[in-house]
Amino acid sequence: MKTHFNGGKNMQNILKQITRTSLYALCLMIIVFPAYAQEAPQLNVVNVTENITVIEGMSNTVILTGKDGIFMIDTQAPELIDPVITKIAEISSHPIRFIANTHYHFDHAGGNEKAANTGAVIIAHENVRKRMSTEQRMDTLNMTTPPASTAALPAVTFSKDVTFYINGEEARVFHIGAGHTDGDAIVHFRKANVIHLGDLYFNGLYPYIGIEAGGSINSMIQAGNTVLGMIDDATRIIPGHGPIAGKAEYAEYLEMLTGVRDAIRRQIDAGKSLKEVIAIKPLQAFDAKWGKGLFTSDQFAELVYTDLSRK
Ligand SMILES: [Zn+2]
């Protein structure tokens, strides 16, 4: 099932929402979010279980449907939320009742206001509300996002966890410390054995890390190892970006992150400058599998170098 909508207009509008951007950031957006790269981008729908569905757009939105109303995870970018709401209405006749944000980034919480206007209640970690309330800077993407409207802010926040008993499911939304940002939420559908990791997991590509928002490669690895201890070989894992995976694939991603971290750490410990590190292509062993998405090898090496060389 696919939905077509006007990608060009979306691009204009999204740029209006970003007060400063660069050609570099724009290129990154097109690479990461192919929805912007073509005139007629698509929403792809993937059924995970009878009532859990992934809607793939700029990130992976998930809906749990049923007579109690829809429980939704993430609201995409501002200009994708209308087609997403339309798509949801095609899948279920019930209203959206609750929405959990996995973190504050615009491609996950950007549709909050319109989604909330349907009558849904938005829940997120307390740091998501704090960050959405103020201007946020992402130096790596040369991007500044302005404070969100009051209507877009999560109406309910939590510090550790909250569980939804809805549609016969137990959906535990929890924070296990900083990872991709300082406000990450993981959603575990315990009965279905399905888990949404948000941007702790970019499946098949080097990840963006919110190093200006409390995230780091070390905390992504640490959070990931905690997750590994909570899941089993039958668990279906929904990443923030990329296709649905299993435990073995997620473990491989964490091995890549650990390998990259160690490779860059060694160079920093040897006193190498960023330029010297980039010149030796430290991530070569990982590039074939992970370097063809959001970040090239050099860009990801720079992001991790910047992260690890911070005082
Ligand atoms: Zn993110």
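Note that ligands are numbered from 1 as they come in the structure, with each ligand's atoms numbered from 1 the same way. Just so you know, residue 1 is the first one in the sequence shown, and it goes up from there.
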When the side chains of residues 250-261 are checked against the rest of the protein, which donor-acceptor pairs come out under 3.5 Å, sequence neighbours left out?
unit_1, atom_1, unit_2, atom_2, d
Y253, OH, L200, O, 3.1
T258, OG1, L254, O, 2.7
R261, NH1, N218, OD1, 2.5

Applied to residues 158-168, the side-chain hydrogen bond (donor to acceptor under 3.5 Å, both in side chains) test, sequence neighbours excluded, yields D161-R172
Any protein N, O or S atom under 2.8 Å from the Zn ion (ligand 1)? Found H103 NE2, H105 ND1, H180 NE2, D199 OD2
Is it the case that the side chains of Y201 and N203 hold a donor-acceptor pair, with the cut-off being a distance below 3.5 Å and no angle test?
yes
Is it the case that S297 and D287 place a side-chain donor and acceptor less than 3.5 Å from each other?
yes
Of D199, D74, N127, D184, which is the lone residue that meets side chain to side chain donor-acceptor pair (under 3.5 Å) with H103?
D199
Could you give the side-chain donor-acceptor pairs of residues 221-228 under 3.5 Å, partners two or more places apart or in another chain?
unit_1, atom_1, unit_2, atom_2, d
N225, ND2, I221, O, 3.4
T226, OG1, Q222, O, 3.1

